[in-house]
**Student:** 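I have a structure here, written as structure tokens, and I will follow up with some questions on it.
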Amino acid sequence: MNLLVTGGAGFIGANFVRYWNAEHPGDGVTVLDALTYAGNRANLDGVTHDFVHGDIGDTALVEGLLADRGIDTIVHFAAESHVDRSIHGPDAFIETNVLGTHSLLKAARTVWLAGNGRPHRFHHVSTDEVYGSLGPDDPAFNETTPYAPNSPYSASKAASDHLVRAYHHTYGLAVTTSNCSNNYGPYQFPEKLIPLFLINALHGRPLPIYGDGMQVRDWLHVDDHCRGISAVLANGKVGETYNIGGGAELPNLTVIDTLCAAADAAFTADRGLAARFPDAPAANGAPTASLKTTVADRPGHDRRYAIDERRARDELGYAPQRTFAQGFAATLDWYLSNEGWWRGVLDGSYRDWVATNYAGR
Ligand code: NAD
Ligand code: DAU
């Protein structure tokens, strides 16, 4: 296969390129990434790929890449991905997630369906947030759950899902879509719950819990998401969608308490951590949980997500391989061993953005 991976310098995209390199070393991989605040070339260090710095909204650029490089598969990760940012500034989400995805579809149609057409696949990476929010006893989201997005982020992803579907039904583009639950793991930008709280804990900064902290998410290690996408590419039916999840439904407070206990244990096991992170409570004999702070709830905050991944299990042979306990322990180790990576990220634009948007929280 000859892949174009959009957003390949972001969290999941970079993990996917690493995964694909290991599983399919003979395949070509071109990464197209605009290197927004969330994109980082360092995420791809040591990985074989061609890198193109550009925007998915540049239709002519994408047409050129598809034609000149003989690309047969697009795996489309590029997006604005953070719900809080979409609340503060929705425009970028419409621009990239809706218009950018449409531009990519137009380029794929022009190049792949010209003349008699040629074998191809457009795989769209989407989210479970398009289905909206569940009550405590509602059944988990499946592929026929009606769309009910509640944030500008999820609405923009829902719009992109519909465009992908329409390009299949109207023009015959060979598409698949996967809707996945909350990912965590290496290279996740420290604006999302787990890396933000880990890094705050190491610096003795408050852990800002939105509302009552009892919102439920279905946590999946990013490697399992990559395996799910790979299974869709190999065995998914064109025109279909697949839900990918971890079966690890947890309230935020449980995730946060797990994180606090794991940080305390890590400082006890490794005395060197106290010297590296002297402001952490655990360096001074106090529990990390002392940093827990309740703040105002996220506007429109979805209460619960849960994924019914039976279709992916039955039709694709997909099953997550890591429990949350295993995946979380590996993730904590990665962040403790890769301080240079997250310090580099924090030295960039993110720090300014937090100062502007979260002053006083
Ligand atoms: P991320 O924010 O870490 O990375 C996004 C990447 O896209 C960055 O490298 C960025 O530079 C790039 N990008 C943004 N705008 C671009 C543009 N116009 N042109 C080219 N590149 C652009 O996101 P992530 O968490 O890795 O998510 C990747 C995809 O997976 C997104 O589509 C997201 O909606 C979806 N998803 C994420 C999760 C999750 O838990 N993080 C779960 C389900 C689905
Ligand atoms: O469900 C899949 C989605 O998961 C993806 O589509 C999104 O791209 C991804 O960002 C994620 O969305 P969430 O909003 O669920 O993730 P986030 O890490 O921002 O928040 C997880 C939960 O933790 C959520 O209930 C909000 C809460 N939270 C988050 C932050 C950043 C807090 O309580 N405090 C915080 O500071």
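Numbering of ligands and ligand atoms starts at 1, following listing order.
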**Student:** To the nearest 0.1 Å, how far is atom 19 (N) of ligand 1 from its closest protein heavy atom, and which atom is that?
**Tutor:** Ile56 N, 3.0 Å
**Student:** Can you list the ligand 1 atoms lying under 4.0 Å from a non-hydrogen atom of Gly39?
**Tutor:**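 Selected atoms, number and element: 8 (C), 9 (O), 11 (O).
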**Student:** Under 3.5 Å between any N/O of Cys180 and any N/O of ligand 2: does that happen in this structure?
**Tutor:** no
**Student:** Could you check whether Arg85 makes a cation-pi contact with Tyr37, meaning its NZ or CZ is under 6.0 Å from the centre of the six-membered ring and within 45° of the ring axis?
**Tutor:**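 Ring-cation test returns yes.
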**Student:** Should Thr6 be listed as contacting ligand 1, given a heavy-atom distance under 4.0 Å as the test?
**Tutor:**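 No, Thr6 has no heavy atom closer than 4.0 Å to ligand 1.
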**Student:** Should you measure from each heavy atom of Val125, which atoms of ligand 1 turn up under 4.0 Å away?
**Tutor:** 30 (O), 32 (O)
**Student:** Answer yes or no: is there an ion pair linking Arg304 with Glu249, defined by an N-O contact shorter than 4.0 Å?
**Tutor:** yes
**Student:** Between ligand 2 and Asp84, is the shortest N or O to N or O distance under 3.5 Å?
**Tutor:**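 No - when backbone and side-chain N and O of Asp84 are compared with those of ligand 2, no distance drops under 3.5 Å.
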**Student:** Between Arg118 and Asp72, is there a salt bridge with N-O shorter than 4.0 Å?
**Tutor:** no
**Student:** Does either side chain, that of His123 or that of Thr73, offer a donor lying less than 3.5 Å from an acceptor on the other one?
**Tutor:** no
**Student:** If you measure from each heavy atom of Ala9 to ligand 1, is any distance below 4.0 Å?
**Tutor:**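 Within the 4.0 Å threshold, so yes.
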**Student:** Can you say whether the rings of Phe141 and Tyr305 are parallel (under 30°), tilted (30 to 60°) or perpendicular (over 60°)?
**Tutor:**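 It falls in the tilted class, 30° to 60°.
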**Student:** What atoms of ligand 1 come closer than 4.0 angstrom to any heavy atom of Ser126?
**Tutor:** 43 (C), 44 (C)
**Student:** Is ligand 1 less than 4.0 angstrom away from at least one heavy atom of Ser181?
**Tutor:** yes
**Student:** Strictly distance-based, threshold 3.5 Å: is any side-chain N or O of Lys237 a donor or acceptor partner for the main-chain N or O of Thr176?
**Tutor:** no
**Student:** Could you say whether the N/O atoms of Phe77 and ligand 1 ever approach to under 3.5 Å?
**Tutor:**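 In this structure, Phe77 places an N or O atom under 3.5 Å from an N or O of ligand 1.
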**Student:** Can you tell me which portion of Ser154 lies within the under-4.0 Å heavy-atom range of ligand 2? Options are side chain, backbone, both, or neither.
**Tutor:** neither
**Student:** Nearest protein heavy atom to atom 31 (C) of ligand 2, by residue and atom, and its distance?
**Tutor:**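 Among all protein heavy atoms, the one nearest atom 31 (C) of ligand 2 is Glu191 O, 3.3 Å.
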**Student:** Pick one of side chain, backbone, both or neither for how Asp128 approaches ligand 2, counting any non-hydrogen atom pair under 4.0 Å.
**Tutor:**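 The answer is the side chain.
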**Student:** Just heavy atoms, cut-off under 4.0 Å: does Tyr153 contact ligand 1 by side chain, backbone, both, or neither?
**Tutor:** side chain
**Student:** Will you find, in the side chains of Asn15 and Asn183, an N or O donor that is under 3.5 Å from an N or O acceptor?
**Tutor:**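 Absent: no donor and acceptor within the cut-off.
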**Student:** Is a side-chain donor or acceptor of Tyr318 paired with a backbone partner of Gly245 at a separation under 3.5 angstrom?
**Tutor:** yes
**Student:** Please verify the inter-ring angle class for Phe16 with Phe77; under 30° counts as parallel, over 60° as perpendicular, anything in between as tilted.
**Tutor:**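 Because their plane-to-plane angle lies in the 30° to 60° range, the rings of Phe16 and Phe77 count as tilted.
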**Student:** Is the closest heavy-atom distance from Ala92 to ligand 1 below 4.0 Å?
**Tutor:**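 Contact absent.
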